[in-house]
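Here the structure is a predicted model, which is why all the values come from computation and not from measurement.
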Amino acid sequence: MDELIDFKKRFLKNGELISIPKKESYKRIMLLWAVSFFELNTSYTELQVNRVLSQLYPDYAVLRRYLVDYGFLLRDERGLKYEVNRDVHGIES
């Protein structure tokens with residue numbers, strides 16, 4: 001839990017991400033934090049995902065890419081729908 005507190009102090013300002021952590025453990029905390037803004041069992045279009053993520057970080061595309069690459073968000077085969085990976089649980093923002 002200390003890393004979560006440290007992450008919030010170092011990387012969040014007024015509820016927004018100010019930079020993407022380089023350290024892997026902080027990056028995973030960042031992704032848990034970001035995915036917590038999405039509902040389980042809900043499909044999102046890319047536009048909807050972008051709208052949510054743009055409220056968290058200006059470069060929402062890179063944040064979306066990390067969420068998909070690390071398996072926090074699942075994208076359908078056609079790349080049209082996204083949903084939260086049920087095996088991943090977000091943290092309180």
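Residue pairs satisfying the salt bridge (charged side-chain N to carboxylate O under 4.0 Å, His left out) criterion with at least one member in residues 17-35, sequence neighbours excluded, are listed as follows: Glu3-Lys23. Applying the salt bridge (charged side-chain N to carboxylate O under 4.0 Å, His left out) test to every pair with at least one member in residues 41-70, sequence neighbours left out, gives these pairs: Glu46-Arg64, Arg65-Asp69. The list of salt bridge (charged side-chain N to carboxylate O under 4.0 Å, His left out) pairs with a residue in residues 29-41, not counting sequence neighbours, is empty.
Taking Arg10 as the reference, Asp6 meet the salt bridge (charged side-chain N to carboxylate O under 4.0 Å, His left out) condition, with sequence neighbours excluded. Contacts of Asp76 classified as salt bridge (charged side-chain N to carboxylate O under 4.0 Å, His left out), with partners at least two apart in sequence or in another chain: none. Here Gln55 pairs with nothing under the side chain to side chain contact (heavy atoms under 4.5 Å, CB included) rule; sequence neighbours left out. Evaluation of the salt bridge (charged side-chain N to carboxylate O under 4.0 Å, His left out) rule for Lys13 yields no partner, not counting sequence neighbours. For Tyr26, the ring pair (Phe, Tyr, Trp, His ring centres under 6.0 Å) test picks out Phe11, with sequence neighbours left out. With sequence neighbours excluded, no residue forms a side-chain hydrogen bond (donor to acceptor under 3.5 Å, both in side chains) with Ser43. Among residues two or more places apart in sequence or in another chain, the side chain to side chain contact (heavy atoms under 4.5 Å, CB included) test is passed with Ser54 by Tyr60. Applying the side-chain hydrogen bond (donor to acceptor under 3.5 Å, both in side chains) test to Asn41 and every residue at least two apart in sequence or in another chain returns Arg86. For Tyr70, the ring pair (Phe, Tyr, Trp, His ring centres under 6.0 Å) partners are Tyr66, not counting sequence neighbours.
Under a hydrophobic clustering in which Ile, Leu, Val, Met, Phe, Trp and Tyr are joined whenever their side-chain heavy atoms come within less than 4.5 Å, directly or via other members, Phe72 and Val62 fall into the same cluster. A single hydrophobic cluster is seen to contain both Ile20 and Phe37, as judged by linkage of ILVMFWY side chains at heavy-atom distances under 4.5 Å, directly or through other members.
Interatomic distance, CG of Leu17 versus CH2 of Trp33, reported as 5.0 Å (0.5 Å rounding). The distance from the CZ atom of Phe38 to the CG atom of Leu73 is 5.5 Å, given to the nearest 0.5 Å. If you take OG1 on Thr45 and CG on Leu80, they are separated by 9.5 Å, rounding to the nearest 0.5 Å. Leu67 CG to Leu31 CG: the interatomic distance, rounded to the nearest 0.5 Å, is 5.0 Å. For the atom pair Met30 CE and Ser25 OG, the distance stands at 11.5 Å (nearest 0.5 Å).
Screening Val68, Leu74, Thr42 against Tyr82 for a side chain to side chain contact (heavy atoms under 4.5 Å, CB included) leaves a single residue, Val68.
One N or O on the side chain of Asn85 and one on the backbone of Asp87 form a donor-acceptor pair closer than 3.5 Å.
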